[in-house]
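First the proteins, then the strands, lettered A, B, ... as listed; each starts at 1. These numbers come from the heavy atoms of this one structure, side chains and all, not from hydrogens, waters or symmetry mates.
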Amino acid sequence: MRRKNLVRTLIILMVIGWSVVVLYPTYNVNQLESKAEVYYAKIQESTTLNRNEIRAALNSGNLQLQARNHFKGVDGADLDSFINANVQPLIELDDKIKEDEPKAIPLGLDLQGGTYLVYEVDLPQLMQNLAKAKDSDFEAAIQAITARVHSTNDDFFDILPAVFQEKGFRLNRYFGGTRDTDTKIIDDLKLEAEDAVNRTLEVLRNRIDQFGVSEPSITKQGSHRIVIELAGIQDVDRAKRIIGTTALLEFQLEAEPEKASAIRNAINRVWKRKIDKMGGQSSDSTFQADTSSTQGKLREDTEVNLRDVFGETAIKEDRPESQDSSAANADSTVLVDQEIFQDRPFDALLADLGGDIAVPTKNRLAVENILNSPEVQSVIPNDSEFLFSNRSHPAGDQEYYMLYILKKEPELVGSMIADARPSIGSELQAGRWIVNMELTAEGARIFSRVTEKNVGKRLAIVLDGRVVSIPNIQEKIPSGRAQITGMANDKEAKDLAIVLRAGALPAPVEVIEERTVGPSLGQDSINKGKFSAYVGMALILAFVFIYYKLSGLVADFALLLNLLITMAVLAAFHATLTLPGVAGLILSVGMAVDANVLIFERIREELRMGKTIRAAIDNGYGRAFTTILDSNLTTLLTAVILYQFGTGPIRGFALTLSIGIIVSMFTAILVTRVVFDQATDRFAIKKLSI
Amino acid sequence: MKFFATPNINFARLNRPILLVALSVSLICVGLVIAFGLTYGIDFLGGTSIELRFEKNLEIADVRAALSQVGFGNAEIKTLGTPTEILIRVQDIEPGTEISDAIQAEITKAFPDNPYSVQMVEKVGPKIGAELRTDALWAILVSSLTIMIYIWWRFKSLISGVGALAALAFDVLITLAVFCVFKLEISLSVIAAFLTIVGYSINDKIVVYDRIRENLKILRRETFENLVNISINQTLSRTVLTGGTTLMVLVVLYLFGGEVIHNFSLALLLGIIIGTYSSMFVATPIIVEWHNRRQLNRSRVVAKVPAN
């Protein structure tokens, strides 16, 4: 008996020792963070920085600089002593914290703030990219597929063949070889999709890594979803922009001027024919003379009802990225040059800005719709396309988007970029932010050839279908270096560089789920969690002691141990602690009491029946064991199911509950037993205080 | 200190009325759930939810006016605790639209001298919402079934499993009814709470069943009904104690845990109270009644029912 006790006591002591060691980093980090709070407060007092800004500066390593620049007090000696007293210590503390942080228990997004994003790869769009020849039938099919994808939960690769069958096309008309069977094509497409999702994962991982978030998490979910967790991130919108942009970069030459004007004339003709067919101007057209803003305008414009421009055709759906969604309904107006409206209705919507086509912001949607209409599409040759500029330019008192006619086939694509760096330009671009690009060997060769052959022409740099800049080719460029100009600020240049370096996404991605928690709410939750845990524990410990007296103390010891070991296991497995996780911890302690109660109640019964103390203890433990095992097992079963079904915070709950229960079997059964055994061995106990 | 040292409450005598009460309460709850409807959170309906903390107090009416400018005049707007914390909830109609950006831009425009920080943003696409609903349902079904099978296996008695399942359904139903009546939001964490209730509630049943199983071996002279009675009485102190301590802890969590896990802790609280009740007043009466009916169909008197 004594030897057995010795071994068991040793095991328990080892477990306690291990727990303390494993948990020390967490404890340390907590202590250091409380100390750091003091300095945060002091710095906030004496500078104009808020907590988030201090945090960001610490992360980028320039807190001293920021503190100096934003100091509220007097420069000179005061500033230096302030830096020494507050900024330096904070930087040192932060370094120490960062050292131990990887070994501490990681906090969930709901406790440390951050964002959880689920992206879905746009498979219909991917199919469009993969199709060998697209026509209007195909477009219609894709639209039907997209609608069905959004409204049902069916698998994409069931929807695709189903829709094609309904429309009566064969898959091999658009995909694969002409003699491939449907099954083979679907299989190939599935492989392509899988490959695309994997590539998307890599590209996004690259982009996020360059972001500078500590421990970002990016994983695949299902067949075409990607889950991204960014803990402690400050600027969620910027992150989403960088992640969500397809970043397809293409270099396209401008179409030959003769060709361009030919296309424009064709469009005017076709559109005039269409309006005439619709009955021309309706009798209740409203021609508003725009007298208020004739100053500095490019021409005489009048406001015309959209219905007159389009006939009774309804205006199609609103584009998400256009700012003027109010222009979507047919009762709004566009600016039209009345003189030429009769003969050239398309040109009437446009203006001329330095030789380029300029579209007033108000007219943009209308112009887009005209360009996308089937009549106009049929007169635009296959090797040309119209593209807008990515931002508007002011001229006079209006904003204009530029419209370019470009060769559809790109000369260079984004994959030929080896490196991209943001920097401040010189000469013509002095003081403004640009992105310097370095092309790959092959890209440099192609670029050299293109520039050599097209001196004097313009090469448009197109990002995601919008023209970012359209520089003139002045000479042959053999070096493989190019610049993208027109960046609004440093952030835009940096973000574009990140995205170019990481590469383009094979297909667009869409956010289907987002959960963001701000840092102050996270801190709030931490405080509330801690407080509830302390109060709850205190109540349990007190109650158990009062009810079971000295034996209660033994149980209390076991309960505290339970908490310690559970948290150590969390730290050892690097399992994330969430707010429901804290609830799970507390709950598992409450349920651990159950095991103790079962044992103690049995012991009381045995004593009542007149057994000796030793026998009572033995029987108590023996009889209670199966009950404890059974009941804990079923709770564990539900916790496992919860873990499978839940995400993030719920998983944290299931995890801490499970670990807490398993550990409680150890502490309630083994630990208390050893204490009892040791006590009865060493002391002659006449009456058990229970 | 001791509660219930040697209780001898005759539960069995009240079996029939108890079962009737349980049945009627269940039916009323079903009615309540249908009448009031489930208040789904955006987790299951899809939508966008934004929580903003302002520096100064704000009138909800003003916020609504501002949101109407961007077409969200019928958004759900409420304060959380203090008048400076506003929660805005909008249902997502089209996938992919950036509602949260539009709302934030408008708020900044409408209240230029009242800066705010974004505490929380949750956006769930409608397809995800539907998926989560299905997942939740599956999770509840699977765990209930698993438990029933487990009990069947351990106690070699199907009726024990059925009785436990009935009690579990009872627990979840009443908690659900309370949520419906008070229009409390059912989110992912509330479903997790329900699953936890299932797991915890079964604990209680097993402790009683265990006692019954043990007593069947020792108290061979008693009628089954008496035996069950004795078993419940013997485990009464344990049930009250454990239930009590767990409850204590959950009350603390409910009061101090904060807004985020409010509904979660409430669900757990209710579920555990009802779960404790249903062990004694739903699961066991079902077993006893079942046994009694089978006895009437047999000539034997010996309690040879749920034995190992």
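Taking all atoms of both residues into account, the shortest heavy-atom contact from A:Ala583 to B:Leu253 is CB-CD2, 3.4 Å. Annotation for A:Asn632 and B:Asn203: closest pair N-OD1, 4.0 Å, computed over non-hydrogen atoms. Smallest separation of non-hydrogen atoms from A:Phe543 and B:Met248: CB-CE, 4.0 Å. Residue B:Gln119 comes nearest to A:Ser520 through the heavy atom pair OE1-OG, 2.7 Å, listed as atom of the first residue, atom of the second, then distance. Scanning all heavy atoms of the two residues, the minimum distance from B:Ala139 to A:Ile641 falls at O-CG2, 3.9 Å.
With a 4.5 Å cut-off on non-hydrogen atoms, A:Asp237 touches chain B through its side chain but not through its backbone. Looking at B:Asp210, only its side chain comes within 4.5 Å of chain A, counting heavy atoms on both sides. With a 4.5 Å cut-off on non-hydrogen atoms, B:Val118 touches chain A through its backbone but not through its side chain. Of the two parts of A:Asn527, neither the backbone nor the side chain holds a non-hydrogen atom closer than 4.5 Å to a non-hydrogen atom of chain B. For A:Ile586, the parts sitting under 4.5 Å from any heavy atom of chain B are the backbone and the side chain alike. B:Ile191 touches chain A through its side chain: at least one heavy atom from C-beta onward sits under 4.5 Å away, while N, CA, C and O do not. Of the two parts of B:Leu250, only the side chain, counted from C-beta on, holds a non-hydrogen atom closer than 4.5 Å to a non-hydrogen atom of chain A. In this structure, chain A has heavy atoms under 4.5 Å from both the backbone and the side chain of B:Leu188.
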Exercise. Apply salt bridge (charged side-chain N to carboxylate O under 4.0 Å, His left out) to the pair A:Glu601 and B:Arg238, showing each step before the final yes or no.
Key: CA-CA 7 Å; A:Glu601 285 300 309; B:Arg238 171 261 164 206; over 6 Å; no
Quiz item: Can you list the steps and then say if B:Met120 with A:Thr516 is a side chain to side chain contact (heavy atoms under 4.5 Å, CB included)?
Solution: CA-CA 5 Å; B:Met120 186 175 77; A:Thr516 305; over 6 Å; no
Practice problem: Any chance you could lay out the side chain to side chain contact (heavy atoms under 4.5 Å, CB included) test for B:Ile147 and A:Thr638, step after step, and finish with the verdict? | Solution: CA-CA 8 Å; B:Ile147 286 175; A:Thr638 23; 4.1 Å; yes
Quiz item: Between A:Ile650 and B:Ser189, does a side chain to side chain contact (heavy atoms under 4.5 Å, CB included) hold up when you go through it step by step?
Solution: CA-CA 6 Å; A:Ile650 305 294; B:Ser189 49; 3.8 Å; yes
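Distance check: A:Leu541 CG to B:Thr245 OG1 gives 11.0 Å after rounding to the nearest 0.5 Å. A distance of 11.5 Å separates CZ in A:Phe600 from CG in B:Leu241, rounded to the nearest 0.5 Å. For the atom pair CD1 of B:Ile261 and CG of A:Leu579, the computed distance is 4.0 Å after rounding to the nearest 0.5 Å.
Partners of A:Tyr643 according to the ring pair (Phe, Tyr, Trp, His ring centres under 6.0 Å) rule, which considers only residues two or more places apart in sequence or in another chain, do not exist here. Annotation: side-chain contact (heavy atoms from CB on, under 4.5 Å) contacts of B:Ala193 (sequence neighbours excluded): B:Phe264, B:Ala267, B:Leu268.
The neighbour count for A:Phe625 CZ, taken as heavy atoms of other residues, nucleotides or ligands under 6.0 Å away, does not exceed 12.
Across A:Gln644, A:Arg515, A:Arg225, the residue that shares the most heavy-atom pairs under 4.5 angstrom with chain B is A:Arg515. For the options B:Ser144, B:Ala192, B:Ser49, B:Ser201, heavy-atom pairs under 4.5 Å to chain A are most numerous at B:Ala192. Your options are A:Leu117, A:Thr626, A:Val149, A:Leu657, and the one with the most heavy-atom pairs under 4.5 Å with chain B is A:Val149. Each of A:Val236, A:Ile512, A:Val582 has some count of heavy-atom pairs under 4.5 Å with chain B, and the biggest count is that of A:Ile512. With chain B as the partner, the residue from A:Gly590, A:Ser525, A:Gly529, A:Ser532 showing the most heavy-atom pairs under 4.5 Å is A:Ser532. Among A:Leu633, A:Ile628, A:Val640, the residue with the largest count of heavy-atom pairs under 4.5 Å with chain B is A:Leu633. Ranked by heavy-atom pairs shorter than 4.5 Å toward chain B, the options A:Arg602, A:Met591, A:Glu120, A:Lys240 are led by A:Arg602. Highest contact tally toward chain A, considering only B:Thr246, B:Val249, B:Leu255, is held by B:Val249 [criterion: heavy-atom pairs under 4.5 Å]. For the set B:Val142, B:Thr196, B:Leu132, the count of heavy-atom pairs under 4.5 angstrom toward chain A peaks at B:Thr196. Between chain A and the options B:Ala130, B:Ala136, B:Ser117, the largest number of non-hydrogen pairs under 4.5 Å is found for B:Ala136.
Within the 4.5 Å cutoff, the side chain of A:Leu539 has heavy atoms near those of the B:Val252 side chain. Between A:Thr635 and B:Tyr200 the shortest side-chain heavy-atom distance does not fall below 4.5 Å.
For the pair A:Glu605 and B:Arg211, the salt-bridge criterion is met [side-chain N within less than 4.0 Å of a carboxylate O]. Between A:Asp630 and B:Arg213 a salt bridge is recorded (basic side-chain N to carboxylate O distance below 4.0 Å).
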